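In what follows, a structure is listed as C-alpha cells, so that the remarks can point back to it.
Bear in mind that the values here come from a model prediction, so they are computed numbers and not experimental data.
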Amino acid sequence: MELSDLNKESYNSTLYPSISVELAYKLADSGFFKRLSLVGYTGLHVADYQDVNVIHGTKDYREYAFKMDFLLGLRYHIFDRPQLSMYTQAFLGGEIRNDCDYWDLTGDVVNRGTLGEKDIRWHLTLLGFRFRPMNSNIGFLTELGYGSEYCFLSIPIIPGVRVGASFKF
C-alpha cells in the first residue's frame, strides 16, 4: 500500500439501513395503460464516519453522512391481482447529500447507479412481489434489483434484495 492511499484505508464507518417511501399510481383500469403505474421514490441513507489516525492510534473527528434520493419511474405489472402482484420497474432521478469525506472515500460503493458525474441516479427493479392478505390494505413486498437504492455490495452482476411493508390507499 502506498502512503498516499493510507488516508483512504484509515477510517471506521457504519452504514445504517436505508429508509425509503415509494408511491405508485395506476394509470388506468382497462386498455393499454392498465399494466402501467407511475411511481415516485425517495430514500434516506445515513452513515457514521470516523477518521482514524493510524500513526498515533487515535480517532480524530466524527461525522454523519446523509444522502437523500428522489426518483421517478414506471412500473409494469406482469401479474396483478388483489392479493398478489408481480412487477418490474425503472427509475431516474437525483440526489442531495451533505458535504462529508465519507462520500469521496467510499467512491464506487455508494456511487453505484449513477450516470455521468453523479448527476443522474437510476434504479431498476428486475422483479418485485407484493402480497396482501384478503380484505386488508396492509401488505408485504420484496424486490430484486440493482442501482442507486440497493444492490449486493458493489458487484455489478449481483442484484440486491429489499423487503418492506405496503399500504393501499
Side-chain angles (χ1 to χ4, degrees), residues 8 11 13-49 63-81 84-132 137-169:
K8 290 182 179 181
Y11 67 92
S13 68
T14 303
L15 185 62
Y16 297 102
S18 298
I19 298 170
S20 61
V21 174
E22 188 175 283
L23 296 172
Y25 177 75
K26 194 168 185 180
L27 295 178
D29 289 331
S30 62
F32 176 75
F33 293 104
K34 74 178 183 178
R35 292 188 177 266
L36 294 179
S37 292
L38 185 62
V39 185
Y41 178 95
T42 185
L44 176 66
H45 314 281
V46 179
D48 181 5
Y49 163 82
E63 294 180 313
Y64 284 93
F66 297 96
K67 179 176 73 148
M68 184 165 257
D69 296 326
F70 300 96
L71 302 164
L72 187 63
L74 280 177
R75 175 182 291 172
Y76 177 76
H77 297 272
I78 300 166
F79 179 81
D80 194 18
R81 298 291 183 263
L84 180 65
S85 179
M86 182 170 60
Y87 56 89
T88 184
Q89 57 193 8
F91 295 98
L92 284 177
E95 72 177 14
I96 299 170
R97 64 168 80 171
N98 66 337
D99 186 25
C100 179
D101 291 338
Y102 178 80
W103 304 119
D104 296 326
L105 293 173
T106 55
D108 294 334
V109 175
V110 294
N111 289 329
R112 69 185 184 279
T114 59
L115 298 173
E117 290 294 317
K118 305 177 194 172
D119 294 332
I120 299 174
R121 309 295 287 176
W122 64 270
H123 189 81
L124 178 64
T125 300
L126 304 171
L127 196 56
F129 295 94
R130 187 208 71 232
F131 172 74
R132 281 187 317 170
N137 288 338
I138 297 173
F140 305 97
L141 66 91
T142 184
E143 295 179 349
L144 180 69
Y146 184 80
S148 63
E149 301 316 301
Y150 55 91
C151 72
F152 183 73
L153 299 174
S154 61
I155 304 170
I157 60 172
I158 301 177
V161 175
R162 176 169 71 161
V163 295
S166 68
F167 185 82
K168 182 177 181 180
F169 292 98

Practice prompt. I would like to know whether F167 and R132 meet side chain to side chain contact (heavy atoms under 4.5 Å, CB included); could you show each step before the answer?
Written response: CA-CA 9 Å; F167 185 82; R132 281 187 317 170; over 6 Å; no

Item to complete: Start with the C-alpha gap between Y146 and L124, add the side-chain angles, then the distance that decides, and say whether side chain to side chain contact (heavy atoms under 4.5 Å, CB included) holds.
Response: CA-CA 6 Å; Y146 184 80; L124 178 64; 5.8 Å; no

Worksheet entry | Chi angles and distances behind the side chain to side chain contact (heavy atoms under 4.5 Å, CB included) call for V39, L74 | CA-CA 6 Å; V39 185; L74 280 177; over 6 Å; no

Discussion item. Evaluate L36 against Y76 for side chain to side chain contact (heavy atoms under 4.5 Å, CB included), listing each step before the verdict.
Written reply: CA-CA 5 Å; L36 294 179; Y76 177 76; 4.0 Å; yes

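Side-chain contact between L38 and L27: present, with at least one pair of heavy atoms (C-beta onward) separated by less than 4.5 Å. Proximity of L23 to Y41: side-chain heavy atoms (C-beta onward) are nowhere separated by under 4.5 Å. Under the 4.5 Å side-chain criterion, counting only non-hydrogen atoms from C-beta, I78 is in contact with L127. Between E22 and F91, some side-chain heavy-atom pair lies under the 4.5 Å cut-off. Proximity of D48 to Y16: side-chain heavy atoms (C-beta onward) are separated by under 4.5 Å at one or more points. In this structure the side chain of L92 reaches within 4.5 angstrom of the side chain of I120, judged on heavy atoms. R162 is listed as a side-chain neighbour of S20, based on a closest heavy-atom distance under 4.5 Å.
Side-chain N/O atoms of T125 and R75 include no donor and acceptor closer than 3.5 Å.
A donor-acceptor pair under 3.5 Å is formed between the side chain of N98 and the backbone N or O of F66.
Taking both residues in full, the closest heavy atoms of L71 and H123 are given as CD1-CB, 4.4 Å, listed atom of the first, atom of the second, then distance. In terms of heavy atoms, G40 sits closest to L72 at CA-CD1, 4.2 Å.
Atom-to-atom distance recorded for L44:CG and M68:CE is 4.5 Å, nearest 0.5 angstrom.
Remark: R35 fails to qualify as a cation-pi partner of F33 under the 6.0 Å distance and 45° angle criteria applied to the six-membered ring.
Salt-bridge formation is not detected for the pair E143/R130: no Lys NZ or Arg NE/NH1/NH2 atom is positioned less than 4.0 Å from an Asp or Glu carboxylate oxygen. Salt-bridge annotation for K34 and D80: absent, with no side-chain N of the basic residue lying under 4.0 Å from a carboxylate O of the acidic one.
Summarising the local packing, CG of D29 is surrounded by 12 or fewer heavy atoms from other residues, nucleotides or ligands at distances under 6.0 Å.
You'll find the ring centres of F131 and F129 outside the 6.0 Å limit.
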